Number of protein chains: 2
Amino acid sequence: MSNSNPSPLTPMLRKMELWAAFSDSDREALLAMPHTLKTIKEGHYIVRDGDKPTHSCVMLTGFTYRHKIVGAGARQIVSIHRAGDMVDLQNSLLGTADHNVQALTRAEVAFIPREAVKEIAFARPAIGFAMWYDTLVDGSIFREWVANVGRRDARTRMAHLLCEFALRLEAAGLSEQTHYELPMTQEQLADCTGLTPVHVNRMLKELDKGGFIQRDKRAVTIADWRRLAEIGDFQRGYLHLGGDQSAALQ
Amino acid sequence: MSNSNPSPLTPMLRKMELWAAFSDSDREALLAMPHTLKTIKEGHYIVRDGDKPTHSCVMLTGFTYRHKIVGAGARQIVSIHRAGDMVDLQNSLLGTADHNVQALTRAEVAFIPREAVKEIAFARPAIGFAMWYDTLVDGSIFREWVANVGRRDARTRMAHLLCEFALRLEAAGLSEQTHYELPMTQEQLADCTGLTPVHVNRMLKELDKGGFIQRDKRAVTIADWRRLAEIGDFQRGYLHLGGDQSAALQ
DNA sequence: AGAACGTGTTGATCTCGGTTAAGGTGCAGC
DNA sequence: GCTGCACCTTAACCGAGATCAACACGTTCT
């Protein structure tokens, strides 16, 4: 338990202020929310399908991902999360978790009691709206993923995913626009795109050979954003990052 | 414009009360929301990708669906909606529509100004929570669709979709548990599942021959729920319909 | 009545991505 | 500095589902 100043919850505030105008007292109240800090090791679970979590989890550092396991044993990753994201609003408010949340890298997180989340959301409309907005953006990204996995070919899917990561990481101040460290194995990329690891490898190689990206271990450099976005059928609108939808990075 | 009693907005109230306990004054306030009634013809659009809608749309009768068109021209349907659903919360609150909403059948809808939605959501926590919960359930269904389309084979996908429809229609009081009218063409089913119409036809035929379902034009009878759910890798939890997750129909 | 159209059905063939299998590479632990 | 392991890479082959092509059937329009 801790809520000294500067609060560890700052990444959450930073993200929410992208979408809503907070007063000073909103900011103070948000940062003063009761919480427990915890470090999650790479690969460890934060929530398992079927759990009944009582706390929401805010990410402070690192990356996590949500996934589902289907009957045949295959895994589908449905989203990736980074600092500032509330990865467990869904599970804690809905009561029973319908998917798993797992640490992609070592991650520092804060657990906030679900009642405290509900309270602040309705006591302070600006904060409530930011949270609601956040779940709506989440939904928008899910819709794009349904389309990506359902109706795009392998090459397009991979390019699309690389573009999405570039923009989201950049928006979080975690990378430059055209160069980032991707902390995922090709198997995990396969589980994001509904492909096999072998085919992910083929597609990455192809994008590399074509000169659209360069790879160095797991770091990705986007050599030709415009054409990669074209190949990936990528339009940033669905990320609702605000600003000009047709700005520099398209 | 109309808000006489009984209000046409009743289907929305009915759905929200599945999830939240309303006071009489909550009910009155919800049904008294300002709205404009409209009838949408089959196939007509309610919102187009890129629009900046100022109203949210509540469905009173009929069916609508959301979809995205990818670069190659293919369509991916991302959800189906029925009476009570607020089909345009996302687009109106997020500002710019990131997908299309189209009438599957002739549909009666009510348009509510987005400001009125925001106001009531924060003035009345029970209503705000129900709306938020609704967007969270929406997200849960999207996650399941990502997994369905990404990691299940054609036969499983079709069976899963048929199970989902059965439960959702039944929950809305629009059908019996094991028999319902599916107002969709096989081409639309294909766009839900990421398959081709030809293959949807083959899978339906196969499920029919196997004795799991019976078809009469577009009406579906589930002859063997247990085995269809098994084939479809279907577990109802993600629908968050409440009640016993392991009840009769699971 | 007949034409035109949308939808469903079925078969033949093709292809994208899956499967299988075999190295290769780099890092952690002893 | 060797071993083991996780991950990446590449090649050969295979198969689920796509594509292409007919035809059937019912409805609406003329």
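Every value quoted in this text rests on a predicted model; they were computed, and no experiment measured them. In what follows, every chain begins at residue 1, and chains take the letters A, B, ... in the order their sequences are listed.
Within a 6.0 Å radius of CD in A:Glu181, other residues, nucleotides and ligands contribute more than 12 heavy atoms. The environment of CZ in B:Arg215 is crowded: more than 12 heavy-atom neighbours from other residues, nucleotides or ligands sit within 6.0 Å.
Not less than 6.0 angstrom separates the ring centroid of A:Phe142 from the ring centroid of A:His99.
Scanning atom types as modelled, one donor and one acceptor separated by under 3.5 angstrom connect the side chain of A:Arg202 and the base of C:dG18.
For A:Arg218 and C:dG26, the shortest distance from a side-chain N or O to OP1 or OP2 is not below 4.0 Å. The side chain of A:Lys205 places an N or O atom within less than 4.0 Å of a non-bridging phosphate oxygen (OP1 or OP2) of D:dT10. Phosphate contact (OP1/OP2 of D:dT9, side-chain N/O of A:Asn201, threshold under 4.0 Å): present. OP1 or OP2 of C:dT9 lies within a sub-4.0 Å distance of a side-chain N or O belonging to B:Gln186.
With rounding to whole Å, A:Met158 atom CE is found 13 Å from C:dG17 atom P. For A:Arg152 and D:dA18, the CZ to P distance is 17 Å, given to the nearest whole Å. Taking atom CG on B:Asp191 and atom P on D:dA18, their separation rounds to 11 Å, with Å as the unit. In this entry the distance linking CG of A:Leu195 with C1' of D:dA16 reads 15 Å, nearest Å. The separation between A:Arg157 atom CZ and C:dG18 atom C1' is 12 Å, rounded to whole Å. In this structure, CG of B:Leu104 is placed 11 Å from P of C:dT7, rounded to the nearest angstrom. For the pair A:Lys217 NZ and C:dG26 C1', the computed distance is 7 Å after rounding to whole Å. Residue A:His199 contributes atom NE2, which lies 17 Å from atom P of D:dA12 at whole-angstrom precision.
Positionally, the nearest nucleotide of DNA chain D for A:Glu187 lies more toward the 5' end than for the other of A:Arg151 and A:Glu187.
When the nucleotides D:dT9, C:dG11, D:dG17 are ranked by their closest atom to the side chain of B:Val198, C:dG11 comes out on top.
A salt bridge links B:Arg152 with B:Glu144: at least one charged nitrogen is closer than 4.0 Å to a carboxylate oxygen. A salt bridge is defined here as a Lys NZ or Arg NE, NH1 or NH2 lying under 4.0 Å from an Asp or Glu carboxylate O, and A:Lys68 with A:Asp49 fails to meet this definition.
Within the nucleic acid shown, B:Arg215 comes within 4.0 Å of sugar-phosphate atoms alone, with no base atom in reach, counting heavy atoms only. Counting any heavy atom pair closer than 4.0 Å across all strands shown, A:Thr185 reaches sugar-phosphate atoms only and no base atom.
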